[in-house]
Structure formats: structure tokens, C-alpha cells
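Quick caveat, the model's predicted, so the values are computed rather than measured.
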Amino acid sequence: MPSTDPLAAAGPRLPWQAKFAALAVIWGASFLLIKIGLEALAPLQVATLRVLSGTATVLVVVALTGVRLPRSRRVWWHLGASGLFLSSLPFTLFPLGEERVSSALAGIGNATTPLAAVLFTLLLLPGERLSRRKVWSVVVGFLGVVVIVQPWESGGRPDLVGFGMTLLAGASYGLGWTYLKRFLGPGDAGGLSLPAAQLLVSSAQLLVVVTVWWLLHRDTFAAPWSTVPGSGPASLPVVAVLALGVVGTGVAFSLQFDVVRAVGPTVAATVTYVIPVVAVLLGVAFLHERLRWPQVVGAAIVLAAAVVTGLPQQRRGGGRRLSRRAPTRSPTGRR
């Protein structure tokens, strides 16, 4: 039965490369929005508000388009695990890390996603072969991020705990997408069904966690939504987190699902290589930050690795052989 989701039908009309670029821009700015949100909100509040607003955005589209949520208990069980790795855990770890390190370093920590995707692909998807070119491009891309970080500098080293949290958050994405492909890939009909269901699960998880957190901090916070004592006006931080949720989670999450469906979790995870570059460019454009030569070189390495990783894998045999049973497609993508 064909999908009733018009977004799923329209998905192939927009190349995955365009969605990949949109994700890089959206998520490149997300660490700045988290930093702004932390001016008045606690990390768990940032994570919960982000997921709730993102979930609301996706559910509006689901209601308007008539998309059906999964009905299988098995699917919802696996969505609980993938929701933890793709939303609840990283969305909490990044704000926790940004309390101790800069937003730029948090974006760089996100670059562990492709490395984790390769590792967990080998562990969870033994039937999927990874070419040497893809593995080496991932390694080279990470070296490009190292160049941006400049660890050889003697001064100004980042807080290891805070940076470690961002590294763990980035690795969580790699595990989550690989887990999703391993256990739910065959049953994915496209569209917003799985993204909406997963965000619903993550919302439930974070609501429980933030409630427990508030019960342990009632002497400081009058309610779960109370702002940090002594902080300034909360309007801008709240707007920043809402933007992070609506665009950076609600819209971007569906785009990420489409990219994973098109090219797999390893290639899709390389968007995290471009995110630090976008963060640097935004800093130069809006915060008048100085771009040093190592950052330029590292950005070039990162972008080159992302392009190489996304190239289609060559088949053995050399020729462009078509299977007799393989259907051809019209320019519109229809069979």
C-alpha cells in the first residue's frame, strides 16, 4: 500500500545533497542557540523544551497530512532505544557540555558521529561492507576537525569533562542511526511516521527525567519550568530554544531521516563534519570572530572528506551492467 504522506511522495524530488546542506546550516547554528538558552535555563530544561517543541512541530504536519504512527509494539520498543540515542541523551549532553566549554567546541565534539557510525555499522550491520575509501575518508575528516581544534597549542585547553560530554553526545548519534537501520530499516515506509513516533518517545523520556530532576532541586527551582535563579530576562533564551526545537529538531529531524534512507547512516553522519565549519563561518559573519589559517585548512579537509565519503561506491566488474529485473525510472522518479 503506498504511503499517504505527501512529504514522502515529494521527498525524492529534492536531492539528498540539498537536504544534507540544509542540515549542516541548521545544526551548525544549533550550538549557538543552546548557548543562548543556557543564559536562563538549565541543561535539562533546554533539552526538554527543544524536544517538546520539535515534537509539536512534527505532529502538526502529521495531523495535516494524515500520516499514521506505527502500531507494532516491536517498533515502539526499538523506537525507545533509538529515541534515547538520537534525542534524549545527546540533547541533554550537549547543553551539559556547553556549561563548561564553548559552543564551537561543542560543535567540534559532534564530529565523533561518523566515526561511531562506522564502528557500530561493523558491529550491528555485519552484512554491510564499508569500502576502504569510505573508512579512510572518515579518518581524514576527523583529522581535519583536529586541525580546527589545534590541540598542539599549549594554552587554552578545553575542559575535559565538558568536551567529553560533547564527544559522547556525538557518538550517541552514530549508534542511534545504525541501531535504527539495523532493527527498523526494513519496516520504514518513509515519510514522518518514524520521526514523529521517535520524538514522541523522546518527549516522554525527557518529561520523566526533568520531573525527577526538579524534585531533587525544588529548593532552587519553584517549578520544572522556572528559570535559573539570578539569570536575566528569559524571553531571548526561550525563543532561541524554541527555534532550536521547531527548526533544529522538528524540521531537521525529518530531513535527517530522508538522508539516512537515501545514503545510509555512515554517509549521513558526515554532516557532522560540516557543522563545525558552519559554526566558524557564522561566528565570523555575526560575531566578528577571527578566522585563523588552521581553521581554513581544517575546513577544507573536512569538506573534502565529506564529499569523498558521499560518492557512490563503485561496483566490481567495471561495466555499467543493469539487472534485467531492475525497473527503470522516469525523470519524475516514478516507475
Side-chain angles (χ1 to χ4, degrees), residues 26-27 29-62 69 76 79-101 103 106-107 109-110 162 165-166 168-170 172-173 175-176 192 194-254 256-257:
I26 292 171
W27 283 338
S30 65
F31 301 97
L32 174 62
L33 296 176
I34 291 174
K35 203 72 171 180
I36 296 174
L38 289 172
E39 294 179 358
L41 300 173
L44 269 173
Q45 292 175 319
V46 171
T48 304
L49 181 58
R50 174 182 183 176
V51 171
L52 289 179
S53 55
T55 303
T57 302
V58 173
L59 288 182
V60 168
V61 179
V62 166
L69 296 178
W76 283 99
L79 285 173
S82 62
L84 174 65
F85 296 130
L86 289 176
S87 302
S88 302
L89 185 60
F91 289 177
T92 301
L93 287 174
F94 276 123
L96 285 170
E98 286 197 46
E99 282 192 319
R100 309 171 72 104
V101 299
S103 61
N110 200 32
M165 289 179 179
T166 66
L168 183 59
S172 180
Y173 287 136
L175 172 57
L192 290 178
L194 284 186
Q198 182 172 292
L199 284 173
L200 274 172
V201 172
S202 182
S203 295
Q205 291 173 346
L206 283 176
L207 282 174
V208 172
V209 173
V210 78
T211 300
V212 174
W213 165 82
W214 170 69
L215 291 175
L216 297 175
H217 297 83
R218 281 182 295 177
D219 55 337
T220 304
F221 295 86
W225 55 85
S226 299
T227 58
V228 176
S231 60
S235 55
L236 180 59
V238 170
V239 169
V241 177
L242 287 175
L244 180 65
V246 173
V247 180
T249 302
V251 175
F253 219 61
S254 60
Q256 177 75 336
F257 263 81

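Separating the CE atom in Met165 from the CZ atom in Phe94 is a distance of 12.5 Å, to the nearest 0.5 Å. Separating the CG atom in Leu41 from the CD1 atom in Ile34 is a distance of 12.0 Å, to the nearest 0.5 Å. Once rounded to the nearest 0.5 Å, the distance linking OG1 of Thr211 with CG of Leu44 reads 10.0 Å. Going from atom CG of Leu244 over to atom CG of Leu33 covers 5.5 Å, rounded to the nearest 0.5 Å. With values rounded to the nearest 0.5 angstrom, Trp213 atom CH2 is found 8.5 Å from Thr48 atom OG1.
At a threshold of 4.5 Å between non-hydrogen side-chain atoms, the residues Leu207 and Leu52 count as touching.
Scanning both residues, Ser226 and Phe221, for their nearest heavy atoms gives O-CD2, 3.4 Å. Summarising the geometry of Val58 relative to Gly250, their closest heavy-atom pair is CG2-O, 3.3 Å, with the distance given to 0.1 Å. Here the closest heavy-atom approach between residue Trp27 and residue Gln256 is recorded as CH2-CB, 3.7 Å.
Side chain of Gln45 to main chain of Ala42: a donor-acceptor pair is present (N/O by atom type, distance under 3.5 Å, no hydrogens or angles). Side-chain N or O atoms of Ser172 include one that pairs as donor or acceptor with a backbone N or O of Phe85 at under 3.5 Å.
A side-chain N or O of Ser88 and one of Gln205 form a donor-acceptor pair less than 3.5 Å apart.
In this pair, Phe91 and Tyr173 present their aromatic rings perpendicular. The plane angle is above 60°, beyond the 30 to 60° band.
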